[in-house]
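Here the structure is laid out as structure tokens; the discussion comes afterwards.
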Amino acid sequence: MRDGQENPQAARRAELAAFLRAQRARLRPADVGLREYGDPGLRRTPGLRREEVAELSGVGVTWYTWLEQGRDISASAQVVDALARAMLLDPDQHRHLRGLAGLTAPVLGTPVDKVLPRLQQLVDAVAPNIASIYDVHFDFVVWNPSYARLRHDPGMLPVDRRNLLWMMFTDAENRARMIRWEPAARAVLSQFRAAVGQRPDDPRFAVIVAELSEASPEFREWWADYPVRYFRPATIEIDHPEIGRLGLEMFQLHPVEDPDLLMVLQVPASKEYLQRVTSLLDGP
């Protein structure tokens, strides 16, 4: 160890090695479709052999051995996913393996429709605060009545453009309500740019970027600058046609059960603003 910065990486590699050994030990050849030669009771290796894991996942035996030994080698997403399939990992184990390998969580593909009632209940429960939930592409998933009344109703947008970037850059009503539209739009674009960088081969991202580049000169110009900035606490201001000026403090949260979803809360920044919001929502 030459400096303290090596400690976290070495610890992560050791944990990855321990996890792989534990998963290999719990499997028998028959579990993964391999023929078990000889007497299973005389098998010296508990579970699968390293050679068998390497064969099933399509990697070299030496490379896999080094991985189990905690050596300083890198593993691509394709190889890690192949190991997950070979070892019959469940979604939680697969996610854990990717994290230990320094990769982003796998896309689990759980249909959002199955969790819509639960997500809608969540955003409704935080009213009168403004709340919405987006997927990894910044497409709207659910929103509460506060969002629809105070910001914009995503239900009025075409389904393929029910997206935060589309609303921010092309919706004239939303733009007119924002006191300082440009800083807010740049911040959203920078967060979106970071998300695209995590999945550069995602076709949905490619469509959004291509179509918005045609539709919005600002998006096209700023996108070319490659801005990247993750969320930072901020307060935005809007000028609502019915209740006037409002300050809204921004919060972002990821549900533990589905980290690809993003919940955004916009909380009135003062008691006066909260009273105005409540009066609007309680009115006709």
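In this chain, numbering begins with 1 at the start of the sequence shown. Since this is a predicted model, take the numbers as computed values, not measurements.
Under the 3.5 Å distance criterion, the side-chain polar atoms of Arg204 are left unmatched by any main-chain donor or acceptor of Val136. When atom types are taken as modelled, the side chain of His240 and the backbone of Glu242 share a donor-acceptor pair closer than 3.5 angstrom. Judged by distance alone, with hydrogens and angles left aside, the side-chain atoms of Trp63 form no donor-acceptor pair with the main-chain N or O of Ile73 at under 3.5 Å. Under the 3.5 Å distance criterion, the side-chain polar atoms of Arg245 are left unmatched by any main-chain donor or acceptor of Ile179. Here the side chain of Asn129 pairs a donor or acceptor atom with the backbone of Val126 at under 3.5 angstrom. Between the side chain of Asp202 and the main chain of Val196, no donor-acceptor pair closer than 3.5 Å is present. Between the side chain of Arg12 and the backbone N or O of Leu100, at least one donor-acceptor pair lies under 3.5 Å. Judged purely by atom type and a 3.5 angstrom limit, Ser216 has no side-chain atom pairing as donor or acceptor with the backbone of Ser213.
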Margin query: Please evaluate residues Val53 and Gln23 with respect to the criterion side-chain contact (heavy atoms from CB on, under 4.5 Å), reporting the C-alpha separation (whole Å), side-chain torsions for both, the decisive distance (0.1 Å), and the verdict.
Written below: CA-CA 10 Å; Val53 173; Gln23 299 313 308; over 6 Å; no

Next item on the list: Starting from the C-alpha separation in whole Å, work towards a yes-or-no answer on side-chain contact (heavy atoms from CB on, under 4.5 Å) for Met178 and Glu237.
Entry: CA-CA 6 Å; Met178 300 193 71; Glu237 291 184 295; over 6 Å; no

Notebook entry, point to check: Taking it one step at a time, do Phe140 and Tyr147 satisfy ring-ring contact (aromatic ring centres under 6.0 Å, His included)?
Noted result: CA-CA 11 Å; Phe140 286 94; Tyr147 191 98; 5.7 Å; yes

Next item on the list: Might you work through the side-chain contact (heavy atoms from CB on, under 4.5 Å) test for Arg161 and Met167, ending with a clear yes or no?
Entry: CA-CA 8 Å; Arg161 295 186 177 181; Met167 189 192 80; over 6 Å; no

Next item on the list: Would you please test Thr235 and Met250 for side-chain contact (heavy atoms from CB on, under 4.5 Å) and show each step?
Entry: CA-CA 6 Å; Thr235 299; Met250 307 294 291; over 6 Å; no

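Looking at every heavy atom in both residues, Phe205 comes nearest to Ala195 through CE1-O, 3.9 Å. Residues His94 and Leu89 share a closest heavy-atom pair of N-CB, 4.0 Å. The nearest pair of heavy atoms linking Leu20 to Met87 is O-CE, 3.8 Å. Among all heavy-atom pairs drawn from Leu189 and Leu165, the shortest one is CA-CD1, 4.2 Å. Between Gly155 and Arg162, the shortest heavy-atom distance links the atoms O-NH2, 3.6 Å. Shortest non-hydrogen contact noted between Val123 and Asn144 is O-ND2, 3.0 Å.
Side-chain heavy atoms closer than 4.5 Å link hydrophobic residues (I, L, V, M, F, W, Y) into clusters, and following such links, possibly through other members, connects Leu253 to Leu116. Under a hydrophobic-cluster definition in which Ile, Leu, Val, Met, Phe, Trp and Tyr are linked whenever side-chain heavy atoms come within less than 4.5 Å, directly or via other members, Leu48 and Leu88 are assigned to the same cluster. No continuous path of hydrophobic side-chain contacts links Leu265 to Met168 [ILVMFWY only; heavy atoms under 4.5 Å]. Linking ILVMFWY side-chain heavy atoms closer than 4.5 Å, directly or via other members, places Val188 and Leu261 in two distinct hydrophobic clusters. A single hydrophobic cluster is not seen to contain both Val264 and Val141; linkage of ILVMFWY side chains at heavy-atom distances under 4.5 Å, directly or through other members, places them apart.
Exactly one residue among Glu51, Glu68, Glu52 makes a salt bridge (Lys or Arg N to Asp or Glu O under 4.0 Å) with Arg24. That residue is Glu68.
A donor-acceptor contact closer than 3.5 angstrom is absent between the side chains of Asp260 and His254. A donor-acceptor pair shorter than 3.5 Å can be found between the side chains of Ser132 and Tyr134.
The structure places CG of Leu246 at 10.0 Å from CZ of Arg151, a figure rounded to the nearest 0.5 Å. Atom CD1 of Ile243 is separated from atom CD of Gln275 by 11.5 Å, given to the nearest 0.5 angstrom. Going from atom CG of Leu97 over to atom CG of Asp81 covers 8.0 Å, rounded to the nearest 0.5 Å. Rounding to the nearest 0.5 angstrom, the gap separating the CD atom in Glu257 from the CG atom in Leu119 is 7.0 Å. To the nearest 0.5 Å, atoms CG (Leu83) and CG (Leu16) are separated by 9.0 Å. Distance CG/Asp139 to CD1/Ile133: 14.0 Å, rounded to 0.5 Å.
Crowding of Trp66 atom CH2: a count of heavy atoms from other residues, nucleotides or ligands under 6.0 Å not exceeding 12.
Partners of Leu281 by side chain to side chain contact (heavy atoms under 4.5 Å, CB included), not counting sequence neighbours, listed by chain and number: Pro128, Ser146, Arg149, Val277.
Looking only at side-chain heavy atoms (C-beta outward), Trp143 and Asp153 come within less than 4.5 Å of each other. With a 4.5 Å cut-off on side-chain heavy atoms, Arg276 and Pro268 do not count as touching. Between Leu122 and Met263 there is a side-chain heavy-atom pair separated by less than 4.5 Å. You'll find the side chain of Phe251 reaches within 4.5 Å of the side chain of Val267, heavy atoms only.
Taking the centre of each ring, Phe192 and Phe169 stay at or above the 6.0 Å mark.
For the side-chain hydrogen bond (donor to acceptor under 3.5 Å, both in side chains) condition, the pairs that include at least one residue of residues 184-196, sequence neighbours left out, are Glu182-Arg186, Gln191-Gln252. Here salt bridge (charged side-chain N to carboxylate O under 4.0 Å, His left out) pairs that include residues 211-233, with residues two or more places apart or in two chains, are Arg175-Glu218.
A salt bridge is absent between Arg26 and Asp31: the closest approach of a Lys/Arg side-chain nitrogen to an acidic carboxylate oxygen does not fall below 4.0 angstrom.
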